[in-house]
2 protein chains.
Amino acid sequence: MMDVLIVEDDALHRSFLNEAVRAALPECGQVIEAENGLKGEVQARTSRVEHVVMDLQMNERNGIEAARTIWRERPDTKILFWSNYSDEAYVRGVARIVPEGATYGYVLKSASEERLKLALRSVFVESQCVIDREVRGIQQKSLGNSPGLTDVEYEILVDVAVGLTDKAIAQRKHLSLRSVQNRLQQLYEKLDVYETPGQGSEGWFNLRTRAVAVALSRKVLNASAIERAERDLRQSRGI
Amino acid sequence: MMDVLIVEDDALHRSFLNEAVRAALPECGQVIEAENGLKGEVQARTSRVEHVVMDLQMNERNGIEAARTIWRERPDTKILFWSNYSDEAYVRGVARIVPEGATYGYVLKSASEERLKLALRSVFVESQCVIDREVRGIQQKSLGNSPGLTDVEYEILVDVAVGLTDKAIAQRKHLSLRSVQNRLQQLYEKLDVYETPGQGSEGWFNLRTRAVAVALSRKVLNASAIERAERDLRQSRGI
DNA sequence: GCAAAATCTGCGGGTTCCCGCAGGACAGGA
DNA sequence: TCCTGTCCTGCGGGAACCCGCAGATTTTGC
């Protein structure tokens, strides 16, 4: 019997998902709903569900965090992410937590109902990973060498964004001060922080905060990624 | 004849709104839909609509910007904002653009359908402003003296967040360098940037970027507020 | 196995940031 | 009128930042 857990905070979207699931998977059993990440985790644990479709960006605990704990407890859970955005920050966040060999999917809410149903079948019954074309693009970029950032650069960006000093970063990453600053320079370069549109526009920008601003507006970073990093930081220091 | 314009990027929400509008305002005429802020502006202009219900946070042009241009052209337009969030950044953004004596509303998507319909009637036929309870709270905070920021502090926060240096801010705001730094200090204090959880945790944070991080996670700022500020900046310098 | 490329590291410096101290301007109240 | 509170301003200095230069170390490609 295949039970399905829906984790989605928007009531409209939730009932839409429910219908879509029942339509796409007529052989399925119970369809359980949860309205935020926290409740989703609990439901996944108590109902021993192996098929989850969920939103990223929820209040109580977002999809990435919920997925992480679900996967930690049962790495063979199949999860289909259904999100509004294909922000690089989300894509990276998901890629970071998917366990070895797990099957998952990532479709955008803007996709057609058909695509959603197809993805449901592919992921849940065929055990195939289904990544939306657009999301794929972001993945490529974030791995490849195009204007995207490498993992090291991304990590330092996050550290800067939570507000750490160079020295603190050096300590955390077991690097020298100078190395941290080198990486920062790369970062500045990649993010085009040095733009000089008019004349005499030098010294207008504080590169450090400017980098964060640019990353935010390019969706390389988003607020929830920063909050996540903040929690990690507290945890690693608070022991 | 009362025509209504719906500006909302999510298809599900859009059709839900359409139904709600027809149910709440049986006397209404056409119900026009637009799927982003830009198209919304165009529709408002060509259809000469005087009643708009719209989302904040859309891709092409967000609700605040769209509302600003709509109101600039016809300040007596009645606009009901229907949003997922009550971020201080949004509430401030709206408050900043509503013209003298205009009637508008702000209800959260999490509110019941009844509340939404009631708000539709109140704003559109009774010409009464309807602000969601929760949003009201944020408004109070952002005006009052509680942990909220004053306007000056908020402005400097935005300037810092887009990445300007102290000197640049001083020039823009026609202040001395020292005054800018004074305001920054107030800001740091209000945002609790000086937190010292453990021992020897001094020098861990770069106050400037830390302030941005804190503001983001407290929803005092959000990415779209930064983008808006950025456009303003370019415009004021690019001439 | 070797050369090339990429990284890490220290040094030195110019600049910006952060802020205590102190004096001046200006508004409101006894 | 004087006093008090608030805001702006300059000065000075310690710390942090940004970065060119150059040698050491590691990784990569052939």
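To find a chain, count down the sequence lines: A is the first, B the second, and so on, and within it residues start at 1.
Closest non-hydrogen pair, A:Q185 versus A:Y194, comes out as O-OH, 4.2 Å.
Residues B:Q186 and B:V152 form no side-chain contact, since every pair of their non-hydrogen atoms from C-beta on lies 4.5 Å or further apart.
Partners of A:Y90 by ring pair (Phe, Tyr, Trp, His ring centres under 6.0 Å), not counting sequence neighbours: none found. Qualifying salt bridge (Lys or Arg N to Asp or Glu O under 4.0 Å) partners for A:R96, counting only residues two or more places apart in sequence or in other chains: none. With sequence neighbours excluded, no residue satisfies salt bridge (Lys or Arg N to Asp or Glu O under 4.0 Å) with B:K78. Shown here are the salt bridge (Lys or Arg N to Asp or Glu O under 4.0 Å) partners of A:K173, two or more places apart in sequence or in another chain: A:E155, A:D159.
Nucleotide D:dA15 holds its C1' atom 17 Å from the CH2 atom of B:W204, rounded to whole Å. Look at NZ on A:K190: it is 12 Å from P on C:dA6, rounded to the nearest Å. When the C1' atom of C:dT7 is taken as reference, atom CG of A:L187 falls 16 Å away, rounded to whole Å. Nucleotide D:dC17 holds its C1' atom 12 Å from the OH atom of A:Y194, rounded to whole Å. Nucleotide C:dC19 holds its P atom 12 Å from the CD atom of B:Q186, rounded to whole Å. Rounded to an integer number of Å, the gap from B:D159 CG to C:dC17 P is 13 Å. As a whole-Å value, the separation of A:R210 CZ from C:dC17 C1' is 19 Å. The distance from atom CZ of B:F205 to atom C1' of D:dC17 is 18 Å, rounded to the nearest whole Å.
Judged by distance alone, with hydrogens and angles left aside, the side-chain atoms of A:D87 form no donor-acceptor pair with the main-chain N or O of A:A89 at under 3.5 Å.
Heavy-atom distances under 4.0 Å link DNA chain C to A:L175, A:S176, A:R178, A:S179, A:N182, A:R183 of residues 174-184 of chain A, given in residue order.
Ionic pairing of A:R68 and A:E41 is not present here: no N-O contact between side-chain nitrogen and carboxylate oxygen is shorter than 4.0 angstrom.
OP1 and OP2 of C:dC17 both lie 4.0 Å or more from every side-chain N or O belonging to B:Y188.
Heavy-atom contacts from other residues, nucleotides or ligands closer than 6.0 Å to CG of A:N59 number 12 or fewer.
Recorded end-axis angle for the helix from C:dG1-D:dC30 to C:dA30-D:dT1 stands at 40°, based on five pairs per end and rounded to 10 degrees.
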